[in-house]
Amino acid sequence: MGVAVNILGSGSSGNAVLISSSRSRLLFDIGFSKTETLNRLGQVDIAPETIDAIFVSHEHADHVSGLRNFCKEFPRPVFMTEGTRQAARVRDSIAPLQTLRPGLSTEFQDFVVRPIPVSHDAAEPVAFTVVVEGIKIALLVDLGELTPAICREIRDSHCLILESNHDVEMLRVGPYPWIIKQRVMSAQGHLSNSATGNFLACQYDGNAEYVVLAHISQVNNHPDIARNSADQALRSRPKRSLFGSQLRMAYQDRPAETLHF
């Protein structure tokens with residue numbers, strides 16, 4: 001079977017990524033209702049009872065809103081930082097809870113999951129790298145900056161799921177209140193197309209088979225703008241540093257194409 005990645009949805013209305021190996025399945029974030037989560041799992045032909053555990057990046061509703069009701073029907077171990085647990089008010093009665101420590105890898109069945117501390121306006125948020133069957137997957141959404149430490153953590157990834165949240169000019173002239181605009185553009189907010197493009201042009205090691213743009217704002221961005229920005233950044237790199245990375249998109253309203261390794 002190998003390793004498969006299903007991005008069930010990504011954006012301000014909900015986030016969930018399923019990673020499957022030959023033996024196990026882990027769900028990263030569950031920001032859709034239980035009903036919608038089951039619907040999207042059905043669209044990619046995954047039975048919910050085959051999910052072995054859930055990992056949560058932070059407490060915002062678009063990452064945890066389906067957790068309680070899903071675990072009532074399908075009790076599974078849930079991994080999150082202590083700060084996230086307190087902010088989300090998750091109790092052991094909902095699911096068996098395991099505490100993640102940022103920077104310290106956790107082994108679960110055939111997976112090694114490493115929570116990476118990130119800058120975001122949440123209690124104790126993390127991104128993830130996931131290693132299974134020799135494949136490394138990086139999940140980087142909901143962060144305001146890509147620090148040198150983060151760039152080191154995600155080197156040698158076979159799959160890079162990377163936020164490209166907003167176009168700066170669209171955000172500036174858009175409908176959000178100024179205080180929200182400031183938050184989104186801050187180091188505790190979200191990565192812009194230009195920030196993601198700068199990473200892809202200058203810091204990305206070029207090793208991933210897939211680069212997936214995720215968490216694209218439906219108000220302050222457009223998939224074509226985000227894709228063009230990332231494509232131009234990749235094309236600006238020296239030819240010798242491009243190893244056939246395929247640029248893909250994640251969507252808010254539907255699952256993305258399954259990625260196989």
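Just so we're clear, the structure is a prediction, and the values are computed from it rather than from any experiment.
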How many angstroms lie between atom [atom1] of [X] and atom [atom2] of [Y], to the nearest 0.5 angstrom?
{"X": "Met170", "Y": "Asn193", "atom1": "CE", "atom2": "CG", "value": "9.0 Å"}
{"X": "Ile30", "Y": "Glu36", "atom1": "CD1", "atom2": "CD", "value": "11.5 Å"}
{"X": "Phe199", "Y": "Glu145", "atom1": "CZ", "atom2": "CD", "value": "14.0 Å"}
{"X": "Asn6", "Y": "Leu259", "atom1": "CG", "atom2": "CG", "value": "8.0 Å"}
{"X": "Gln203", "Y": "Thr147", "atom1": "CD", "atom2": "OG1", "value": "9.5 Å"}
{"X": "Ser229", "Y": "Leu213", "atom1": "OG", "atom2": "CG", "value": "8.5 Å"}

[X] versus [Y]: any side-chain heavy-atom pair under 4.5 Å?
{"X": "Thr81", "Y": "Arg101", "answer": "no"}
{"X": "Val168", "Y": "Met185", "answer": "yes"}
{"X": "Leu234", "Y": "Tyr204", "answer": "yes"}
{"X": "Asn165", "Y": "Ser192", "answer": "no"}
{"X": "Leu38", "Y": "Phe70", "answer": "yes"}
{"X": "Phe128", "Y": "Pro115", "answer": "yes"}
{"X": "Leu162", "Y": "Leu200", "answer": "yes"}
{"X": "Leu247", "Y": "Asp231", "answer": "yes"}

Heavy atoms from other residues, nucleotides or ligands near CD1 of Ile179 exceed 12 (cutoff 6.0 Å)
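Result for CD1/Ile179: open.
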
Within 6.0 angstrom of Glu49 CD, more than 12 heavy atoms from elsewhere:
yes

Any donor-acceptor pair under 3.5 Å linking the side chain of [X] with the backbone of [Y]?
{"X": "Arg172", "Y": "Lys181", "value": "no"}
{"X": "Thr50", "Y": "Arg25", "value": "no"}
{"X": "Gln188", "Y": "Ser119", "value": "no"}
{"X": "Gln252", "Y": "Ser13", "value": "yes"}
{"X": "Glu59", "Y": "Ala123", "value": "yes"}
{"X": "Ser57", "Y": "Ala127", "value": "no"}
{"X": "Arg114", "Y": "Gly103", "value": "yes"}
{"X": "Asn228", "Y": "Asp224", "value": "yes"}
{"X": "Asn220", "Y": "His166", "value": "no"}
{"X": "Ser157", "Y": "Ile154", "value": "yes"}

[X]-[Y] co-clustered via ILVMFWY side chain contacts under 4.5 Å:
{"X": "Val112", "Y": "Leu26", "value": "no"}
{"X": "Leu139", "Y": "Val131", "value": "no"}
{"X": "Val184", "Y": "Leu146", "value": "no"}
{"X": "Phe74", "Y": "Val90", "value": "yes"}
{"X": "Ile216", "Y": "Leu171", "value": "no"}

Can you give me the closest heavy-atom contact between [X] and [Y], atom names plus distance?
{"X": "Ser65", "Y": "Gly31", "answer": "OG-O, 2.8 Å"}
{"X": "His215", "Y": "His190", "answer": "CE1-CE1, 3.9 Å"}
{"X": "Val44", "Y": "Leu8", "answer": "CG2-CD2, 3.9 Å"}
{"X": "Gly9", "Y": "Phe32", "answer": "CA-CZ, 3.7 Å"}
{"X": "Asp62", "Y": "Gly11", "answer": "OD2-O, 3.5 Å"}
{"X": "Met249", "Y": "Arg227", "answer": "CG-NH1, 3.3 Å"}

Candidate pair Leu67 and Met80, rule side-chain contact (heavy atoms from CB on, under 4.5 Å), full reasoning:
CA-CA 12 Å; Leu67 181 65; Met80 61 180 66; 4.0 Å; yes

Could you walk me through whether Phe261 and Cys159 pass the side-chain contact (heavy atoms from CB on, under 4.5 Å) test, one step at a time?
CA-CA 9 Å; Phe261 299 88; Cys159 179; 3.5 Å; yes

side-chain contact (heavy atoms from CB on, under 4.5 Å) between Phe79 and Ile54, worked out
CA-CA 6 Å; Phe79 293 76; Ile54 300 170; over 6 Å; no

Using distance alone, with no hydrogens and no angle criterion, decide if Ser22 and Glu133 have a side-chain donor and acceptor under 3.5 Å apart.
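Judged by distance alone, the side chains do pair up.
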
Criterion side chain to side chain contact (heavy atoms under 4.5 Å, CB included) against Phe28, the qualifying member of Ile161, Val141, Val130
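Result: among Ile161, Val141, Val130, Val130 is the only option passing the side chain to side chain contact (heavy atoms under 4.5 Å, CB included) with Phe28.
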
Carboxylate-amine/guanidinium contact Lys136 Asp156, below 4.0 Å
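The answer is no: the pair does not qualify as a salt bridge.
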
Considering residues at least two apart in sequence or located in another chain, which fulfil the salt bridge (Lys or Arg N to Asp or Glu O under 4.0 Å) criterion with Glu73?
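For Glu73 the salt bridge (Lys or Arg N to Asp or Glu O under 4.0 Å) partners, ignoring immediate neighbours, are Lys34.
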
Test side-chain contact (heavy atoms from CB on, under 4.5 Å) on His222 and Asp167; report intermediate values, then the result.
CA-CA 8 Å; His222 188 280; Asp167 174 84; over 6 Å; no

Between Arg76 and Asp52, is a salt bridge (Lys or Arg N to Asp or Glu O under 4.0 Å) present by the stated rule, with each step listed?
CA-CA 6 Å; Arg76 294 294 183 271; Asp52 295 287; 5.8 Å; no

Under the ring pair (Phe, Tyr, Trp, His ring centres under 6.0 Å) test, which residues partner His58, sequence neighbours left out?
His60, His63, His120

